[in-house]
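The chains referred to below are lettered A, B, ... by the order of the sequence lines, with proteins before strands, and numbering in each begins at 1.
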Number of protein chains: 2
Amino acid sequence: MALSPPSPTSFSSQPRPDPRNPPGPRANRADLFNVVRERIARHDYRPGAKLLENDLAREFKVSRAQVREAFGALESRGLILRVPNRGAEVARLDISQMFEIYDVREVLEGLCTRLAVQNTKPAFWQPLVTLFGKPMERSVKNGDFEDYIEKLQLLQRRTSEAANNRVLTDMLASIHDKTRELMRRIIILPGRANDGLQQHRAVLSAMRKGDALLAEKLKRENIRSSREFLVRYQKFIL
Amino acid sequence: MALSPPSPTSFSSQPRPDPRNPPGPRANRADLFNVVRERIARHDYRPGAKLLENDLAREFKVSRAQVREAFGALESRGLILRVPNRGAEVARLDISQMFEIYDVREVLEGLCTRLAVQNTKPAFWQPLVTLFGKPMERSVKNGDFEDYIEKLQLLQRRTSEAANNRVLTDMLASIHDKTRELMRRIIILPGRANDGLQQHRAVLSAMRKGDALLAEKLKRENIRSSREFLVRYQKFIL
DNA sequence: GTCGGCAATTTTGTTGACAATATCGTTGAC
DNA sequence: GTCAACGATATTGTCAACAAAATTGCCGAC
């Protein structure tokens, strides 16, 4: 009987490895998958861009067979679109899909926040409360969006970890892959960064008080607010 | 510039093709993926069972390369587990994962129900209200679980279609793949089928009235109730 | 100049062979 | 009888070559 193996290199998105450009030595399956995914998420590969098997095989010093295998995973994740005999291209996400994702994201992020609060002591969130205080306010005032985004991702990571739900984390990761670039464009919208900061502070305040249900409610409002900006400015973003 | 292609054979789980045993002629990529997925979902392949590349290649009359490609997709969906040089086996889902899934499922099914109501006229649900009336009561009384499950799936399908959210439908499909067998075991638990029927009736009643928020609330209660049965009887189910 | 068709090139699809690794069974020492 | 070492077998990992299809560039008719 096969015992549950130590699972050295899970393909899952869970432990995202360093997604820098491929090192000298050849990459393995998970590397290839994660690097291409990261590139799609950060729009290094633009939507609609063709992905050539040969190019990737050469770059990663692997055979085309491995590239194709990674394509299978990327396709099932909805990151690329494959047409027989015509190859693979980065999935284009139209605006209606974006709104679909927002509906799902709202309930999942809300759930994630609630679980995170339920699984931790309130004091756990104090460092993040502090981080989202004065220093973050300066970043917003100065228009330092990189810093803002970085700290936002930290909050998301901490929350996801605390939620301690692998299925949920995976789904959120999948959603974030598709929305990363859009988020960057929304954050620079006039007033969005400040609105967002206030909302995140409210969420964190509820988390700091251990009020899971309130935190969930506020988190969902935060997502809906972001969505409203997309509605209002969609002409400029796309 | 590449135009959006007609997308003849999307890999996505959306339009689930007939997943019967492979026909005489060779299968294509999507067939292989969907058939294996279906077999895992219905426990034709039991958790922990080894999947041999050669066997599948022979059965479907395709090359091993294609099997490996499908494995890439199955792995990224969490349906199989691969260990380098040791092959692929059907993912084992332990009880804690099941509870993780329940948390996610609760909010997603709730969302799905709400969207479905918002997108339809109340009268749309009348046939299902009728279906879940007397005839279904007989099925429960007679212990005809196959019929019960069949009608439940019809309700889920209609709801998912009406929700009209591809991202959501895909995630729910992915969850259902992992929980199908468990649902079957829960439904036969003493009192569960009847409890479930009453709950579904309540949900449908709210849908029939066009009360989206109430329907969502009741649907979530329905999932939580199912979860309670798992808590209470988990020793018997696993 | 535009259009259609033809050939050259590129790209994907498929296969089979070979290497690397793990698994299983056997043998033999103790 | 137990255990370790070893060899045989089975399975996965890798690759390169070939076939099939699509794309591109070119040429000539009009």
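- Contact annotation: B:Ser63 does not reach the phosphate of C:dT14 (side-chain N/O to OP1 or OP2, under 4.0 Å).
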Between the protein and nucleotides 6-12 of chain C, list the N/O to N/O atom pairs that are separated by less than 3.5 angstrom.
{"from": "C:dT12", "atom 1": "OP1", "to": "A:Leu51", "atom 2": "O", "distance (Å)": "3.4"}
{"from": "C:dT12", "atom 1": "OP2", "to": "A:Glu53", "atom 2": "N", "distance (Å)": "3.3"}

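- Separating the CD atom of B:Glu89 from the C1' atom of C:dA22 is a distance of 14 Å, rounded to the nearest angstrom.
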For residues 98-112 of chain B, run the donor-acceptor check on the side chains, cut-off 3.5 Å, and write out each pair with its distance to 0.1 Å, sequence neighbours left out.
{"from": "B:Glu100", "atom 1": "OE1", "to": "A:Arg166", "atom 2": "N", "distance (Å)": "2.9"}
{"from": "B:Tyr102", "atom 1": "OH", "to": "B:Ser226", "atom 2": "OG", "distance (Å)": "2.7"}
{"from": "B:Asp103", "atom 1": "OD1", "to": "B:Arg227", "atom 2": "NH1", "distance (Å)": "3.1"}
{"from": "B:Arg105", "atom 1": "NE", "to": "B:Glu109", "atom 2": "OE2", "distance (Å)": "3.0"}
{"from": "B:Glu106", "atom 1": "OE2", "to": "B:Arg220", "atom 2": "NE", "distance (Å)": "2.9"}
{"from": "B:Glu106", "atom 1": "OE2", "to": "B:Arg220", "atom 2": "NH2", "distance (Å)": "2.9"}
{"from": "B:Glu106", "atom 1": "OE2", "to": "B:Arg224", "atom 2": "NH1", "distance (Å)": "2.5"}
{"from": "B:Glu109", "atom 1": "OE2", "to": "B:His176", "atom 2": "NE2", "distance (Å)": "3.0"}

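- Atom NZ in B:Lys61 sits about 15 Å away from atom P in C:dT14, given to the nearest Å.
- With a 4.5 Å cut-off on side-chain heavy atoms, B:Asn34 and B:Glu38 do not count as touching.
- The existence of a salt bridge linking A:Glu228 and A:Arg232 is excluded, since no basic side-chain nitrogen approaches an acidic carboxylate oxygen closer than 4.0 Å.
- To the nearest angstrom, P of D:dT14 lies 11 Å from CG of A:Leu32.
- Atom CD of B:Glu69 is separated from atom P of C:dT14 by 9 Å (rounded to the nearest Å).
- Salt-bridge formation is detected for the pair B:Arg92/B:Glu89: a Lys NZ or Arg NE/NH1/NH2 atom is positioned less than 4.0 Å from an Asp or Glu carboxylate oxygen.
- Within the 4.5 Å cutoff, side-chain heavy atoms of B:Arg184 are placed close to those of B:Glu146.
- Taking the charged nitrogens against the carboxylate oxygens, A:Asp170 and B:Arg77 have no contact shorter than 4.0 Å, which rules out a salt bridge.
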